[in-house]
Each structure stands twice: as C-alpha cells, then as structure tokens.
**Q** 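Attaching a single structure in structure tokens format; questions to follow.
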Amino acid sequence: MRALRAFHRAASAAFFMACALLAAGCVSNAPTPHGSVQGAEFGGQELLQSEGNRLAGTAMQANLQSLLLLADKLYRRNPVQWRKTAASREAALLAIRQAVMQEADEAAGQEPPEQESASAIAWPALQGRRDVAALALALSPDFTGDRVAAFVIACADTLITAHGGQRQFHYLSGPDPQHIYNAARNMEIALWILNTRRDSAGRPLLLANEAGPAGRNLSFEREFGKIIGRLDLVAAHLTERHRRAAISFLQGMAAAPLLTFLPVR
C-alpha cells in the first residue's frame, strides 16, 4: 500500500513537471504586432498520434482553409461564377465550405465517412468524378458550371485522396509521402493551367493574379504557394521519419554486441 501511494505521488509529480515544462516552452519574447501563433487545444486522440501524424493533420486543415480563402478571392474577381449556382457570394461560399469541411455532417451529429473526401456532399457539376479527374473537368475549356466551386472542391478532393482519404492520422494510418509529393506537383500543374489556359472564347478560365500598369495582385499565387509548400514539407518530414527509423534499427543491430552484459563471477 505504501508503495502504491509512493507511485501515485511520483506520477503526480511527473505530471505537474511535464505541465510546467510545457508552459515554459510556450513562453516567447518575440513581438506580436501582427498576431501570435495559435496551437490546437489538446484532444484525447493525440495520444494515438505521432509527431508526423500531427504535422500531416495540421497541414491538411491549413490547406483546406487556404482553398476556402482562394474560393473567396476567386468569387470576388469572377462574380459571374457564383451567380450560376447561388443567390449570393456568401451562399456560394457556404456551400463550398460544407463540401470541403464536411460541416453539414458535423452539424447533424454524424461522423463523416472515413474514406469519403471533399465531395462527401454531392457536387453535380463534377459528374461524379474524383480527385485529378474532377480537377481535369473543372479546368476544361468547355466546362460551363460554377468553375470556382468545381476547381476548389476538386483541389480539396485531390489533397484528401493523396492523404489516404483521411483528414486526421494515427499510428497505424499515416499517409504515403510519395502521394503527398505527387499532390504538390498536381497543385503546381493546376495553377499553371489556370494561369495559361483559355476558354472557347479566348478568355482566361478564371481571373486570378493580376500584373499590369494598374498594379500587381499576386495574392492568389502566394496562397497557392503556401499549399504547395506545406505538402512538400509534410512529404519530406514523413520520408525522413521513415529513413531515420530504418537507420535507428540498423544502429541498434550494430550496437547489440556491445550492449551484452559481461560476466561478474
């Protein structure tokens, strides 16, 4: 009984020490005139996640938010697009958000299907196509639907599919770094097509970046660059993690003979 009480005291001390170290690690003297970095609140599922899992999940949410921001920017420059499907720009953005973030399922108290992606809410204009096939349709010169919505939802579906159809990851469900790397290249290709391809009337598919005598607006390019950069970082981190795991295993095998207990009698 005495040993049990001692264990509880030691565990409590270790817990409070960990909390103190965590709080100390969060203290920063850096100036914050333009805002401060924000972290997610602790959740029980984090106990089943590695550092790589957390990085991939955080980057996924940031990329989806970037796509929603791009939808807003594109609708502002291309109001004719939201008028094809909605009564207002806000209503069109809400529909995209529900499709990309699966907020309709969450609001109804339902868990989104694990293997469904950004098109969990049906988007008829994509004709049932997924990921890169949907992206090709959205960037087709002959596409007549809401191109902003189709493009953003296809991009989101491509990213989620590259992550194994999931938005959060655990020890046994980590994404394939090569698929994420390929998704980054697909985003580069999609951006290039959007900047260079013309529709049947010779007009840009969508008005996005602007560079001319009246001024320069490259915010679209910068936001897309953030998405590509995050994808490349996650792919590189996961690849390095796998490589270091193999190296650590070989190091352990090489050091095993040196760690053999020696006779003492």
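When a residue number appears, it is its place in the shown sequence, counting from 1.
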**Q** Tell me the closest heavy-atom pair linking Thr158 and Leu135, and the distance in Å.
**A** OG1-CD2, 4.2 Å
**Q** Any non-hydrogen side-chain atom of Asp72 less than 4.5 Å from a side-chain atom of Glu90?
**A** no
**Q** Can you list the residues that meet the side-chain hydrogen bond (donor to acceptor under 3.5 Å, both in side chains) rule with Ser66, with sequence neighbours excluded?
**A** Glu223, Arg230
**Q** Surrounding OH of Tyr181 (heavy atoms of other residues, nucleotides or ligands, distance under 6.0 Å), is the total greater than 12?
**A** no
**Q** Within this structure, what is the CH2-CG distance for the pair Trp82 and Leu93, rounded to the nearest 0.5 Å?
**A** 10.0 Å
**Q** Do Val132 and Asn186 have side chains that approach each other closer than 4.5 Å (heavy atoms only, starting at C-beta)?
**A** yes
**Q** So if you build clusters from Ile, Leu, Val, Met, Phe, Trp, Tyr with side-chain heavy-atom gaps below 4.5 Å, do Met60 and Leu69 land together?
**A** no
**Q** If you compare all heavy atoms of Lys73 against all heavy atoms of Ser219, which two are closest, and at what distance to 0.1 Å?
**A** NZ-OG, 3.4 Å
**Q** Closest heavy-atom contact between Pro204 and Asp199?
**A** O-OD2, 4.4 Å
**Q** Hydrophobic cluster membership, with links at side-chain heavy-atom distances under 4.5 Å among I/L/V/M/F/W/Y: are Ile228 and Leu74 in one?
**A** yes
**Q** Specify the closest pair of heavy atoms between Leu64 and Ala156, including all atoms of both residues, with the distance to one decimal.
**A** CD2-CB, 3.9 Å
**Q** Atom CD of Gln81 and atom CZ of Arg89: how far apart are they, to the nearest 0.5 Å?
**A** 14.0 Å
**Q** Quick one: does any side-chain atom of Arg197 pair with a main-chain N or O of Trp192 as donor and acceptor, under 3.5 Å?
**A** no
**Q** Flag the pair Asn195 / Glu221 as yes when at least one side-chain heavy-atom distance between them is below 4.5 Å, and no otherwise.
**A** yes
**Q** If I take atom CG from residue Leu233 and atom CG from residue Leu238, how far apart are they, to the nearest 0.5 angstrom?
**A** 9.0 Å
**Q** Membership question, hydrophobic clusters at under 4.5 Å side-chain separation (ILVMFWY): are Ile189 and Leu206 in the same one?
**A** yes
**Q** Say whether Leu68 and Ile160 are linked into one hydrophobic cluster, either directly or through other cluster members, by side-chain heavy-atom distances under 4.5 angstrom.
**A** yes
**Q** Got a donor-acceptor contact below 3.5 angstrom from the Lys84 side chain to the Thr144 backbone?
**A** yes
**Q** For the CZ atom of Arg147 and the CG atom of Leu137, what is their distance to the nearest 0.5 Å?
**A** 9.0 Å
**Q** Phe220: what forms a ring-ring contact (aromatic ring centres under 6.0 Å, His included) with it, not counting sequence neighbours?
**A** Phe224
**Q** For Val148, is there any backbone N or O sitting under 3.5 Å from a side-chain donor or acceptor partner on Asp146?
**A** yes
**Q** What heavy-atom pair brings Leu139 and Leu205 nearest, and what distance separates the two atoms?
**A** O-CD1, 3.5 Å
**Q** Roughly how far, to the nearest 0.5 Å, is CG of Leu70 from CD of Gln65?
**A** 11.5 Å
**Q** Within this structure, what is the CD-CG distance for the pair Glu188 and Leu231, rounded to the nearest 0.5 Å?
**A** 9.5 Å
**Q** Taking all non-hydrogen atoms of both residues, which atom of Gly202 and which atom of Arg198 are closest, and how far apart?
**A** O-CD, 3.3 Å
